[in-house]
Trainee: 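Next up is a structure, given as structure tokens.
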Amino acid sequence: MIYRSFGSTGKKVSAIGFGGMRFADQNDAEACAALITAAYQKGINYFDTAPGYGKSEELFGAAFKEMKKQRKQKPFYVATKTVKSSPSEIREEIERSLRRMDLDAIDFYHVWCVLSMDGLRERIKNGALKEFERLKNEGLIRHICISTHMQGKEISQAFEEYPFEGILLGYSAMNFAYRDEGLTAAAKHDCGVVVMNPLGGGIIPQYSQRFSFVKTTSDESAVEGALRFLINDPRIAISLVGFSNQAQLEEAIRAVDGYQPIPTETIAHIRESMNEAFNSLCTGCGYCDSCPEEIPVPKLMEAYNHFMLSEDPQAMLNRLRWHWGIQLDSETLRKCTRCGTCEAACTQKLPITDRLQKMRELADTFLAKNKS
Ligand code: SF4
Ligand code: SF4
């Protein structure tokens, strides 16, 4: 395992972190705890969770029971988050997180899901960061961090307004061109950088052929290439992988173990090879999931990714029906009022309403063809 300094915190963190948002079956507590423990034994020492990831905090708590016995000799760090804004709600939330994980303190506590500077300022005005500081003084948290999908300029502004010690942001071989400025701003402020979605929400492994440009040797997989591309970036301390199973864990470990510095010209080639379309894929972050018409926007946009990557409408229609259980003649594809709520929340700034319209058209064409 490769270990990196985490900004100015003095902590040494593993180049791969364990993201606790993609467990295969959260009801199988034993298997989830075994996966977390296996990652720890393989050298991963950064574990990221959140109160909004289903039972994730409890599952980490179960694994930490055993891991704590070794913690002195083999340190590990825990990151969790809150979207709360008022001091009393933040305190209640962290107390719940600490109870669920049976911990005395959270190493990296995040102001979670900051989508705009206005949103951050509102939380500052409500006393959120003052409460974070009180929690730090009381020893309940160790470092104050931010989790955001803001763009580079806004991230720079965030650091002008508060000296965050760590930042969690979405970045991958799929969207790096779009997010690069944010990363530079964070590194400039000597802030520890954790990137989420390093595998594009699972898209890179699934369409590995389309991502073969990230491979720098003939025997590496696209996943290994994508992770090594990030490991090679000195601005990034941790790439957070949402593990579902042991095979994914093994592959990520292989990526780190086999890492060799990538020549500058190869990195330049990877960057050039980026297709514009890859910047406009949905990463599955779920921030748009508040449609007043109850349209499951993230599911639909995930299905649309399959159309963009395969250029085959059938791949998208199959995904809708067989993966998401959405019938092609259902209202779901037809009730968008174009209110714009989802587009305002979209972290990738995707033209969601246009895509919905395209999906409707493709579904209708398919239905008409199959009627005649
Ligand atoms: S634009 Fe359409 S899909 Fe988006 S939130 Fe409004 S109704 Fe829902
Ligand atoms: S459409 Fe945008 S906000 Fe919604 S899940 Fe995809 S990337 Fe995230």
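Both counts, for ligands and for their atoms, begin at 1 and track the order of listing.
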Trainee: Checking T216 against E220 for the side-chain hydrogen bond (donor to acceptor under 3.5 Å, both in side chains) test, could you report, in this order, the C-alpha distance in whole Å, the side-chain angles of both residues, the deciding distance, and whether it holds?
Mentor: CA-CA 7 Å; T216 54; E220 76 181 352; 3.0 Å; yes
Trainee: Going by the atom numbers of ligand 1, which of them fall below 4.0 Å from some non-hydrogen atom of G340?
Mentor: 1 (S), 6 (Fe)
Trainee: When you compare the side chains of K55 and N27, does any donor N or O come within less than 3.5 Å of an acceptor on the partner?
Mentor: yes
Trainee: Answer yes or no: is there a side-chain heavy-atom contact under 4.5 Å between R91 and E138?
Mentor: yes
Trainee: Using distance alone, with no hydrogens and no angle criterion, decide if E251 and S221 have a side-chain donor and acceptor under 3.5 Å apart.
Mentor: yes
Trainee: What is the closest protein heavy atom to atom 5 (S) of ligand 2, and at what distance does it sit?
Mentor: G286 N, 3.2 Å
Trainee: Using a strict 4.0 Å cut-off to heavy atoms of P292, name the atoms of ligand 1 that fall inside it.
Mentor: 5 (S)
Trainee: Report yes or no: do N45 and S14 form a side-chain donor-acceptor pair below 3.5 Å?
Mentor: yes
Trainee: With heavy atoms under 4.0 Å as the rule, classify the contact between R338 and ligand 1 as side chain, backbone, both or neither.
Mentor: backbone
Trainee: Provide, to 0.1 Å, the distance between atom 6 (Fe) of ligand 1 and the closest protein heavy atom, together with that atom's residue and name.
Mentor: C339 SG, 2.3 Å
Trainee: What is the nearest protein non-hydrogen atom to atom 8 (Fe) of ligand 1, stated with its residue, atom name and distance?
Mentor: C291 SG, 2.3 Å
Trainee: Is it the side chain, the backbone, both or neither of T353 that has a heavy atom closer than 4.0 Å to ligand 1?
Mentor: side chain
Trainee: Quick one about D118 and S116 (side-chain donor to acceptor, distance below 3.5 Å, no hydrogens or angles considered), yes or no?
Mentor: no
Trainee: Under 4.0 Å from a heavy atom of T341: give me the atoms of ligand 1 that qualify, with their elements.
Mentor: 5 (S)
Trainee: Closest non-hydrogen protein atom to atom 2 (Fe) of ligand 1, residue and atom name please, with distance?
Mentor: C336 SG, 2.4 Å
Trainee: Considering heavy atoms of the protein only, find what lies nearest to atom 3 (S) of ligand 1 and give residue, atom and distance to 0.1 Å.
Mentor: L356 CD1, 3.6 Å
Trainee: What are the protein N, O or S atoms, given as residue plus atom name, that sit under 2.8 Å from atom 2 (Fe) of ligand 2?
Mentor: C346 SG
Trainee: Which residue in the set R100, R96, R99 passes salt bridge (charged side-chain N to carboxylate O under 4.0 Å, His left out) when paired with E58?
Mentor: R100
Trainee: Quick one: are E160 and M117 in side-chain contact, heavy atoms under 4.5 Å?
Mentor: no
Trainee: At a 4.0 Å threshold, what atoms of ligand 1 neighbour a non-hydrogen atom of E293?
Mentor: 7 (S)
Trainee: Under the criterion ring-ring contact (aromatic ring centres under 6.0 Å, His included), which of F164, F132, Y46, F76 is the partner of F108?
Mentor: Y46
Trainee: Any non-hydrogen side-chain atom of Y53 less than 4.5 Å from a side-chain atom of T80?
Mentor: no
Trainee: Considering the heavy atoms of T337, write down every atom of ligand 1 situated less than 4.0 Å from one of them.
Mentor: 2 (Fe), 7 (S)
Trainee: Are F18 and F60 an aromatic pair by the rule of ring centers under 6.0 Å?
Mentor: yes
Trainee: Apply the side chain to side chain contact (heavy atoms under 4.5 Å, CB included) test between I44 and each candidate in I36, L249, V13; give the one that qualifies.
Mentor: L249
